[in-house]
Amino acid sequence: MFTSITMFVNKHSGTFIFKRLPRNYRQFTSSSTEDYDLVVIGGGSGGLACAKAASQLQKKVAVLDFVTPSTQGTTWGLGGTCVNVGCIPKKLMHHASLLGDAIRDSKAYGWNVPDQVQSDWTTLSTAVQNHVKSLNWGHRVQLRDKNVEYINGLGSFKDPHTVRVKESNGTERLLKTRNAVIAVGVRPYVPSQIPGAVEYGVTSDDLFWMKKSPGKTLLIGASYIALECGGFLNGLGFDTSIMVRSRPLKQFDQQMAELVAESMESKGTRFLRKCVPVSIEKDDRGRLVVKYEDLTNRQTKEEVFDTVMFATGRHAVTNNLNLEALGVEVDQTTQKVFGGHSDDHERTSVANIYAIGDILHNRPELTPVAIKAGQLLADRLFGGSQVQMDYDMIPTTVFTPLEYGVVGISEEKAVSCHGEENIEVYHAFYTPLEFAVPRRDASHCYIKAICFGDRILGLHLIGPNAGEVIQGFAVALRCGATWSGLSGSVGIHPTTAEEVVKLHITKRSGADPTVTGC
């Protein structure tokens with residue numbers, strides 16, 4: 001397809017030549033002082049989405065991506081954390097774990113299967129890694145097809161309009177650009193003050209690329225990353241412990257968080273509560289000796305593991321960008337970039353520099369958030385749009401064995417903002433139909449809707465396929481769904497989702513919220 005006709009002059013004959021130009025042809029005049037309309041530093045989900053969207057608006061775009069090896073030397077391809085060491089491999093291993101449960105359940109449904117089934121780490125990890133590599137290649141093909149220049153190099157700012165690139169082959173080049181987007185993301189934090197942590201500890205940056213079975217594993221931390229990885233490792237048959245200093249999932253609703261942890265404990269994951277690591281040493285058999293302190297009695301204990309994984313938070317990758325010299329404001333604690341300047345959510349304190357994704361201060365560290373923010377930013381910069389990213393009512397799911405999906409705020413925050421007397425919580429314990437025949441424990445399957453008058457402030461669900469269920473309700477809530485509208489809806493029977501629209505018992509009533517019958 002062609003969109004324009006341009007006239008050229010043959011300098012030899014002096015005749016005029018008219019040529020049709022393809023849609024993706026870009027013209028640059030001698031008055032243009034920048035080589036690029038946009039340079040994106042970071043080839044993760046948000047950076048790639050922004051770069052591709054800008055290119056589709058006929059802009060000249062480059063995206064830089066470089067993976068600094070983890071503490072254990074792990075690297076990966078284009079696509080960022082989500083594709084390589086986050087959402088995608090995590091969900092695949094979560095699914096593999098659930099398949100083990102399904103195989104065991106199948107006996108009750110009449111399938112003739114062995115009493116003992118085992119997973120094979122080599123087969124699983126190879127399959128997951130091959131899929132990830134196919135996504136790496138797919139991203140490169142998409143950039144080429146959309147005329148985005150991909151540079152495998154480490155970027156930093158020389159000035160607001162110049163990005164210095166150190167390419168993987170060691171050469172350096174300067175890119176002049178009208179606009180720049182910081183999308184470098186965050187990486188796992190390993191507490192170097194703990195002897196042996198850096199030398200022997202792995203993180204989620206390493207787990208999915210391990211060729212050797214992790215064996216008996218200790219996960220240090222109580223974030224969703226620790227619980228998700230601990231959940232699927234236990235489900236795959238590995239002896240798994242999670243060391244918790246304070247409480248699990250402390251950024252989430254605490255009733256829901258405790259139910260998730262209790263569910264995991266009931267399935268065999270051990271929680272070392274109120275404990276902190278002291279040191280890690282390798283014994284003469286190559287196993288890891290972990291000394292840790294029990295904070296309840298100040299006793300030091302010792303245990304041997306095959307793998308120790310840290311999930312103790314993540315740090316921003318901004319130190320080498322030269323942001324301070326440019327005047328880009330960052331939070332001194334997290335090193336994340338402040339946005340919100342000039343009424344633009346992603347604009348930094350320097351007019352032509354923006355930040356998206358996990359690197360943006362006080363914003364959700366979620367892949368779909370980064371993608372949407374990147375696309376909307378490109379539309380504002382080059383498409384004439386004024387639509388800002390809406391960071392409210394963002395849904396998410398913790399992919400523990402029994403999934404926890406949520407959209408909106410926690411009960412604690414609702415009470416804090418509006419007062420306990422003004423909050424109504426509708427709740428229910430329920431049994432998914434598929435749990436009934438194999439008599440699977442459903443005591444942790446729970447739903448609650450947190451309301452302020454007719455307004456739904458938060459919807460929380462623990463159960464199978466919670467992510468799929470909450471995604472649909474999240475759209476409804478963004479479109480203005482109310483409690484009267486939700487409770488007045490007809491459910492699809494028999495499903496887990498219908499239990500949401502059937503909610504009618506309040507916490508305030510004190511009535512038993514256990515669902516009986518079908």
Side-chain angles (χ1 to χ4, degrees), residues 87 223-224 227-228 247-261 345 358 360 362-373 376 388-400 402-430 444-489 491 495-508 513:
C87 320
S223 66
Y224 71 92
L227 268 63
E228 288 177 336
R247 59 188 189 275
L249 300 176
K250 63 181 180 181
Q251 301 300 322
F252 292 82
D253 184 282
Q254 285 304 286
Q255 180 191 13
M256 307 303 285
E258 193 55 39
L259 283 169
V260 169
H345 292 336
D358 295 359
L360 195 58
N362 204 29
R363 298 301 186 192
E365 294 183 6
L366 296 169
T367 294
V369 171
I371 292 173
K372 180 62 71 176
L376 292 175
Q388 294 282 332
M389 176 66 189
D390 184 355
Y391 288 98
D392 289 330
M393 283 301 205
I394 301 293
T396 190
T397 292
V398 182
F399 288 98
T400 39
L402 203 56
E403 296 177 9
Y404 166 32
V406 55
V407 57
I409 64 176
S410 67
E411 186 175 347
E412 292 89 349
K413 187 171 182 180
V415 169
S416 174
C417 291
H418 301 285
E420 186 172 5
E421 69 280 4
N422 298 314
I423 295 298
E424 201 71 79
V425 179
Y426 299 86
H427 67 149
F429 285 95
Y430 68 100
H444 304 100
C445 294
Y446 180 71
I447 308 168
K448 69 177 176 182
I450 303 161
C451 299
F452 176 60
D454 202 36
R455 179 184 169 196
I456 302 172
L457 300 177
L459 182 61
H460 303 251
L461 184 147
I462 295 175
N465 304 305
E468 307 292 344
V469 175
I470 288 295
Q471 176 66 85
F473 285 105
V475 174
L477 293 182
R478 278 191 54 82
C479 292
T482 60
W483 172 249
S484 56
L486 182 72
S487 58
S489 298
T495 64
T496 293
E498 78 169 316
E499 302 298 340
V500 177
V501 301
K502 287 166 57 179
L503 290 172
H504 64 283
I505 295 175
T506 66
K507 277 191 174 183
R508 196 186 310 275

**Student:** Closest heavy-atom contact between Q254 and L249?
**Tutor:** NE2-O, 3.0 Å

**Student:** Can you establish whether the number of heavy atoms outside R455 located under 6.0 Å from its atom CZ is more than 12?
**Tutor:**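 12 or below, so no.
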
**Student:** Under the criterion ring-ring contact (aromatic ring centres under 6.0 Å, His included), which of F399, F252, Y224 is the partner of Y404?
**Tutor:** F252

**Student:** I'd like to know if the side chain of D454 and the backbone of T482 have a donor-acceptor N/O pair within less than 3.5 Å.
**Tutor:** no

**Student:** Mind listing the closest non-hydrogen atom pair of P513 and I505 along with its distance?
**Tutor:** CA-CD1, 3.9 Å

**Student:** Could you measure the distance from the SG atom of C445 to the CG atom of L259? Nearest 0.5 Å is fine.
**Tutor:** 9.5 Å

**Student:** Just how far is it from atom OG1 of T396 to atom CD of E365, taken to the nearest 0.5 Å?
**Tutor:**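 Separation between the atoms: 11.0 Å.
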
**Student:** Tell me the closest heavy-atom pair linking Q471 and P395, and the distance in Å.
**Tutor:**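 Between these two residues, the closest heavy atoms are NE2-CG, 4.4 Å.
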
**Student:** With a 3.5 Å distance limit and no angle check, can you tell me whether S489 reaches the backbone of G485 through a side-chain donor-acceptor pair?
**Tutor:**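 Flag set: sc S489 to bb G485 pair under 3.5 Å.
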
**Student:** Please name the pair of heavy atoms, one in L457 and one in H418, separated by the smallest distance, quoted to 0.1 Å.
**Tutor:**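 That would be CD1-CD2, 3.6 Å.
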
**Student:** Does any part of the side chain of V260, heavy atoms only, come nearer than 4.5 Å to the side chain of I462, both counted from C-beta?
**Tutor:**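 Yes, their side chains come closer than 4.5 Å.
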
**Student:** Closer than 3.5 angstrom, by distance alone: can the side chain of S416 be matched with the main-chain N or O of E412 as a donor-acceptor pair?
**Tutor:**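 No.
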
**Student:** Between the main-chain N or O of A466 and the side-chain N or O of E403, is there a donor-acceptor pair closer than 3.5 Å?
**Tutor:**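 Present.
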
**Student:** Compare every heavy atom of P364 with every heavy atom of D358, then report the nearest pair and how far apart it is.
**Tutor:**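 Here D358 and P364 meet closest at OD1-O, 4.3 Å.
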
**Student:** Treating R508 as the side-chain partner and Y426 as the backbone partner, does any N or O pair qualify as donor plus acceptor under 3.5 Å?
**Tutor:** no

**Student:** Step through the shown structure and confirm whether more than 12 heavy atoms of other residues, nucleotides or ligands are within 6.0 Å of CD on E420.
**Tutor:** no

**Student:** Checking side-chain polar atoms at under 3.5 Å, does Y391 have a donor or acceptor matched by the opposite partner on H345?
**Tutor:**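 Y391 vs H345: no donor-acceptor pair found between side chains.
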
**Student:** Determine yes or no for a side-chain-to-main-chain donor-acceptor pair under 3.5 angstrom, with E228 supplying the side chain and T400 the backbone.
**Tutor:**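 No, E228 side chain to T400 backbone: no donor-acceptor pair under 3.5 Å.
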
**Student:** If I compare all heavy atoms of P248 with all of L227, which pair ends up nearest, and what's the gap?
**Tutor:** CB-CD2, 4.3 Å

**Student:** Counting N and O atoms only, with roles assigned by atom type, does the side chain of D253 sit under 3.5 Å from a partner on the main chain of M256, one being a donor and the other an acceptor?
**Tutor:** yes

**Student:** So, applying side chain to side chain contact (heavy atoms under 4.5 Å, CB included) with H460, which one of I450, I470, V407 is it?
**Tutor:** I450

**Student:** Around atom CD of E258, are there more than 12 heavy atoms from other residues, nucleotides or ligands closer than 6.0 Å?
**Tutor:** yes

**Student:** Could you measure the distance from the CE atom of M389 to the CD1 atom of I371? Nearest 0.5 Å is fine.
**Tutor:**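 If I round to the nearest 0.5 Å, the distance is 10.5 Å.
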
**Student:** Are H427 and Y446 linked by a side-chain donor-acceptor pair shorter than 3.5 Å?
**Tutor:**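 There is such a pair between these side chains.
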
**Student:** To the nearest 0.5 Å, what is the distance between CG on L461 and CG on L402?
**Tutor:**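 That separation rounds to 9.0 Å.
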
**Student:** Check for a donor-acceptor pair, side chain of H504 on one end and backbone N or O of K502 on the other, with a separation under 3.5 Å.
**Tutor:**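 Side chain of H504 to backbone of K502: a pair is present.
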
